[in-house]
Amino acid sequence: MNQKERIGIFVGSFDPFTIGHDSVVKRALPLFDHIVIGVGVNSQKSHMLSEDERIEAITRLYADEPKISVKVFHDLAVDFAKREGATYIIKGVRTVKDFEYEREQADINRHISGIDTIFLFTEPQLASVSSSMVRELLRYGRDVKEFLPVAPKSDKP
C-alpha cells in the first residue's frame, strides 16, 4: 500500500518565533512526515523583524531537522497548504480567547478547502509567552533571551 505523506503546516507571523512556537513544532513533529513552517507576510501589519530575518532565524533553529522546512507566504493559509501538499494546519492555543478565534478560522478553512486544523494546547509554563509580549519587553530594553529558542551550534565553518 502506498500511503500519502503526512504534511502539516504551522503558520504565523512569528515576529519573533518564541519558545512557545518551538514547543508546538517539537510536539507536532512525531505526528507528521514533514512540517512546513509558513512565515506569513501581511502588508497591512508592521513587523519588528523583516521577512528575511524571520525566515533566517527559524531556518537556523531547525537546520539539523530534515522533517522541517521554512517558507514565506503572502496569501491564505489554506492556499499555502494546498501548494505544499499539506492536509493539516497546526495551531498552538494558549487561552480560551485564542481557542475561540482559532476554532472560527479552522471552521472556515475546512469549509473552503477541506483542510483540517490540529490544535496543540500550550504547555502551562509557556502560556504567557507570546510574540507580542516579547516585542513589548524589547521595546523597553528588556532581555528576552529566555523567551526565544536557541539554535543548535553548528559544526560547519
Side-chain angles (χ1 to χ4, degrees), residues 5-43 45-95 98-99 101-102 105-106 109 115-157:
E5 188 177 29
R6 294 168 300 161
I7 301 172
I9 62 165
F10 182 49
V11 295
S13 59
F14 305 126
D15 187 33
F17 194 85
T18 70
I19 57 175
H21 296 128
D22 184 49
S23 170
V24 169
V25 170
K26 286 177 178 170
R27 291 170 45 224
L29 211 46
L31 304 174
F32 295 95
D33 299 310
H34 192 80
I35 293 176
V36 181
I37 299 174
V39 176
V41 177
N42 180 342
S43 61
K45 239 178 165 182
S46 62
H47 295 284
M48 179 185 77
L49 299 172
S50 73
E51 173 184 317
D52 290 339
E53 288 172 317
R54 289 178 279 154
I55 294 283
E56 182 183 324
I58 300 167
T59 300
R60 192 173 45 248
L61 183 63
Y62 299 110
D64 295 333
E65 179 47 72
K67 289 175 56 174
I68 295 176
S69 59
V70 184
K71 298 183 179 179
V72 69
F73 71 102
H74 296 86
D75 53 352
L76 293 174
V78 291
D79 294 331
F80 176 63
K82 287 196 178 230
R83 280 195 308 279
E84 295 302 318
T87 52
Y88 293 97
I89 297 171
I90 303 159
K91 286 294 198 164
V93 176
R94 293 179 303 121
T95 65
D98 281 356
F99 177 75
Y101 174 78
E102 296 296 350
Q105 293 294 310
N109 287 340
I115 296 174
D116 264 315
T117 300
I118 292 179
F119 295 108
L120 292 176
F121 291 96
T122 302
E123 296 175 85
Q125 70 274 20
L126 301 177
S128 298
V129 178
S130 69
S131 293
S132 56
M133 179 270 305
V134 170
R135 285 192 309 271
E136 184 74 4
L137 291 171
L138 282 169
R139 195 170 294 123
Y140 289 99
R142 295 298 184 140
D143 182 8
V144 296
K145 286 184 197 119
E146 68 182 293
F147 304 115
L148 303 175
V150 177
K153 299 265 191 245
S154 175
D155 294 338
K156 300 170 190 159

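One is the number of the first residue; the rest follow in order along the sequence. The model shown is predicted, which means the values in this text are computed figures rather than measured ones.
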Q.
Show every salt bridge (Lys or Arg N to Asp or Glu O under 4.0 Å) that has at least one partner inside residues 125-137, sequence neighbours left out.
A. Glu136-Arg139

Q | Test item: His21 and Ser131 side chains (from C-beta on) under 4.5 Å apart, heavy atoms | A | yes

Q: Check for a donor-acceptor pair, side chain of Thr122 on one end and backbone N or O of Val93 on the other, with a separation under 3.5 Å.
A: yes

Q.
Between Arg6 and Tyr88, is there a side-chain heavy-atom distance shorter than 4.5 Å?
A. no

Q | Separation between CG of Asp116 and OG1 of Thr87, rounded to the nearest 0.5 Å | A | 8.5 Å

Q: Could you check if a side-chain atom of Glu102 sits within less than 4.5 angstrom of a side-chain atom of Thr117, using non-hydrogen atoms only?
A: no

(Q) Which residues pass the ring pair (Phe, Tyr, Trp, His ring centres under 6.0 Å) test with Phe121, not counting sequence neighbours? (A) none

(Q) Do Arg83 and Phe73 have side chains that approach each other closer than 4.5 Å (heavy atoms only, starting at C-beta)? (A) yes

Q) Which residue pairs pass the ring-ring contact (aromatic ring centres under 6.0 Å, His included) test when at least one of the two sits in residues 126-151, sequence neighbours left out? A) none

(Q) What I'd like to find out is whether the side chain of Lys91 reaches to under 4.5 Å of the side chain of Val11, using heavy atoms alone. (A) yes

Q) Which word best sums up how the rings of Phe10 and Phe17 line up, parallel for under 30°, tilted for 30 to 60°, or perpendicular for over 60°? A) perpendicular

Q. Roughly how far, to the nearest 0.5 Å, is the CD1 atom of Ile19 from the CG atom of Leu126?
A. 5.0 Å

**Q.** Donor-acceptor contact present, side-chain Lys67 to main-chain Leu29, <3.5 Å
**A.** yes

Q.
Tell me whether Glu65 contacts the main-chain N or O of Tyr62 through its side chain, where contact means a donor paired with an acceptor under 3.5 Å.
A. no

(Q) Working note: Asp15 + Val39, criterion side-chain contact (heavy atoms from CB on, under 4.5 Å); need CA distance, chi angles, decisive distance, verdict. (A) CA-CA 9 Å; Asp15 187 33; Val39 176; over 6 Å; no

Q. With a 4.5 Å heavy-atom cut-off, do Ser128 and Met133 have their side chains touching?
A. no

**Q.** Pairwise side-chain contact, Ser13 with Arg54, heavy-atom cut-off 4.5 Å (strictly under)
**A.** yes

Q. Can you tell me how far NZ of Lys82 sits from CG of Asp75, rounded to the nearest 0.5 angstrom?
A. 12.5 Å

